[in-house]
Each structure stands twice: as C-alpha cells, then as structure tokens.
Amino acid sequence: MKKRVLFICLGNICRSPSAEAVFTGIVKEKRLSEEFEIDSAGTSGWHEGEPADRRMKSHAIKRGFKLTSLSRQINPDTDFDRFDFIIGMDDANLQVLKSMARNKDDLAKIYKMTDFSKEYTYDEVPDPYYGGDAGFELVLDLLEDACEGFLETVLEI
Ligand code: 4NP
C-alpha cells in the first residue's frame with residue numbers, strides 16, 4: 001500500500017511546498033516514487049490558490065527542487081482520512097493540527113518535521129517569510145536532512 005504523506009506549514013507557500021518537493025526528489029532518486037503519495041497544505045488559507053513564494057522557489061531551484069504546487073488550506077475532514085503522515089514544520093502548526101484532530105487515530109498521524117532530523121538539532125523549521133536569504137537556505141538545509149531521516153523511518157515501519 002502506498003504511504004500517503006502531507007506536509008504542513010502556515011501559508012503553504014514556503015516550507016511545506018519545499019518539503020513536498022524535497023521529499024518527492026529524494027524518493028524519485030531512490031526509485032521509490034510508486035510507494036508514496038505526497039502533498040502539502042497550510043493551516044491557514046491566506047494564500048489559497050497561489051504558487052509558492054518566488055524567493056523560496058528561487059532558492060529551491062538552485063538545489064534542483066522545482067516548486068510546482070498551489071497553496072491550499074488543510075481540510076481536516078478529508079485530509080486526516082486520506083493521509084498516513086501529517087508533518088508540521090513548527091510548534092504552532094502542531095498545535096493547530098492537534099486542535100483539528102477528530103479522534104486518537106487522527107492525533108497519531110501528526111508529526112513534526114524536525115523529529116526526523118539526522119544532522120541538525122533545530123526543533124522547528126523556522127518561518128522564513130519575513131526574513132532574508134539565510135532563512136530560505138536554512139529551510140532547505142533542514143528539509144533535505146529531515147526528509148532523508150523521514151524516509152529512513154518510514155522504510156523501517
Ligand atoms: P510558510 O511561510 O508557512 O512556510 O508558507 C509563510 C507564508 C506566509 C505567511 C507566513 C508564513 N504570511 O504571513 O502570509
């Protein structure tokens with residue numbers, strides 16, 4: 001059975017579309033694309049229908065990750081049923097996700113991205129929206145590391 005993974009951040013225009021692209025790239029490189037369904041969404045609908053932030057896109061493409069998804073808000077009534085892993089980027093995301101969970105099974109699907117980090121010790125993927133270039137680079141550093149760790153964890157299950 002395919003493993004279904006939903007990455008979550010606040011706006012779904014910076015961190016979670018990047019996580020979607022990084023994880024998609026990693027599984028493709030390992031010829032595991034058929035094993036996964038991968039998507040992303042925001043806890044807010046502020047940027048509904050918009051493409052990813054152009055700063056995030058330009059940093060990501062330099063590492064070979066093309067951000068193609070359009071922003072959408074999470075829908076608890078469909079997404080908690082459709083996905084096996086719902087992975088938030090920071091503690092605020094986790095708090096919202098937990099408040100949306102309908103039952104214990106939903107709660108058990110919620111994870112934090114940095115819990116899968118291998119090299120880094122950050123406990124959140126910081127929001128880069130109001131910062132400069134370094135913030136976008138840090139997002140990608142953390143995501144490349146944690147997506148590798150997440151894949152290893154999933155393959156062990
Ligand atoms: P994201 O970044 O949650 O990584 O997509 C943000 C995008 C937009 C806003 C905040 C964070 N905003 O305030 O509009």
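Positions are given from 1 along the sequence. Note that the coordinates shown come from a computational prediction; the quantities given were computed from them, not determined experimentally.
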Ring pair (Phe, Tyr, Trp, His ring centres under 6.0 Å) contacts touching residues 52-79 (sequence neighbours left out): H59-F136
Hey, what do you get for CZ (F83) to CZ (F7), rounding to the nearest 0.5 Å? 10.5 Å
Should Y120 and T114 count as side-chain neighbours, where that means a heavy-atom distance under 4.5 Å? no
Between R15 and D53, does any NZ, NE, NH1 or NH2 come within less than 4.0 Å of an OD or OE carboxylate oxygen? no
Can a donor-acceptor pair be found, under 3.5 Å and without considering hydrogens, that links the side chain of S16 to the backbone of I8? no
Taking atom types as modelled, find out whether N12 and S40 have a side-chain donor-acceptor pair closer than 3.5 angstrom. yes
Is the shortest heavy-atom distance from the side chain of L142 to the side chain of M113 under 4.5 Å? no
Supply the members, apart from W46, of the Ile/Leu/Val/Met/Phe/Trp/Tyr cluster built from side-chain contacts under 4.5 Å; use none for a lone residue. L10
Would you check if L70 and E50 make a side-chain contact, meaning some heavy-atom pair closer than 4.5 Å? no
Atom pairs and distances, side-chain donor-acceptor, residues 146-157, under 3.5 Å, sequence neighbours left out:
unit_1	atom_1	unit_2	atom_2	d
E152	OE1	K118	NZ	3.3
E152	OE2	K118	NZ	2.6
T153	OG1	G149	O	2.9

To the nearest 0.5 angstrom, please state how far the OG1 atom of T68 sits from the NZ atom of K57. 9.0 Å
So among R4, R72, K109, which one has a salt bridge (Lys or Arg N to Asp or Glu O under 4.0 Å) with D79? R72
